[in-house]
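Each remark here refers to the structure printed beneath this line.
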Amino acid sequence: MSPTPQTPGPPEDLPTGSARPMTLTGTVQPGVEHNCFLLDGYLLVGGPADLVRAGARVRVTGHVQADLMTTCQQGVPFVVQRVEPA
């Protein structure tokens, strides 16, 4: 019997360096460190500062890069490729 492919669950279940494109929509939350911003448990890496800011409601497209080192101390790194107000 061959194993059944599984769909990744929460961010911690995604493989290291996963480049599968994803879109997240929600309100950006401030991180514990300066200039660190979170959305649904993901650490937003990159994107324009006028859109990626605490309190902004956005739609973000990008990919998880779990092996990316950051100083933010929280969230799964999500490399932002596109962001727009939601």
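All values reported here derive from a predicted model rather than from experimental measurement.
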query: Can you list the steps and then say if L44 with L38 is a side chain to side chain contact (heavy atoms under 4.5 Å, CB included)?
result: CA-CA 6 Å; L44 301 178; L38 301 163; over 6 Å; no
field: Atom pair CG (L68) and CG (L43), whose distance is rounded to the nearest 0.5 Å
entry: 8.0 Å
field: Derivation of the side chain to side chain contact (heavy atoms under 4.5 Å, CB included) call for L24 and F78
entry: CA-CA 10 Å; L24 308 172; F78 185 87; 4.0 Å; yes
- prompt: If you take all heavy atoms of E33 and Q73, which pair is closest and at what distance?
  reply: OE2-NE2, 2.9 Å
- request: Measure the shortest side-chain to side-chain distance between M22 and H63 over non-hydrogen atoms and say whether it is less than 4.5 angstrom.
  value: no
- line: On a heavy-atom basis, the closest approach of A86 and T25 is CB-CG2, 3.9 Å
query: Given the rule that I, L, V, M, F, W and Y join up when any side-chain heavy atoms are under 4.5 Å apart, are V45 and L39 in one cluster?
result: no
task: Determine whether V80 and V76 fall in the same hydrophobic cluster, where Ile, Leu, Val, Met, Phe, Trp and Tyr are linked whenever their side-chain heavy atoms lie under 4.5 Å apart.
output: yes
query: To the nearest 0.5 Å, what is the distance between CD (Q65) and OG1 (T70)?
result: 11.0 Å
message: Are the side chains of V83 and P48 in contact, using a 4.5 Å heavy-atom criterion?
response: yes
message: Evaluate V28 against R53 for side chain to side chain contact (heavy atoms under 4.5 Å, CB included), listing each step before the verdict.
response: CA-CA 6 Å; V28 178; R53 57 181 169 67; 6.0 Å; no
message: Determine whether T23 and R59 satisfy the following criterion, side chain to side chain contact (heavy atoms under 4.5 Å, CB included), listing intermediate values before the conclusion.
response: CA-CA 7 Å; T23 298; R59 180 176 300 108; 3.5 Å; yes
- prompt: Has R82 got more than 12 heavy atoms of other residues, nucleotides or ligands less than 6.0 Å from its CZ?
  reply: no
task: Mind checking the NE2-SG spacing from H34 to C72? Nearest 0.5 Å is all I need.
output: 10.5 Å
query: For the side chain of E84 and the backbone of V60, is there at least one donor-acceptor N/O pair under 3.5 Å apart?
result: no
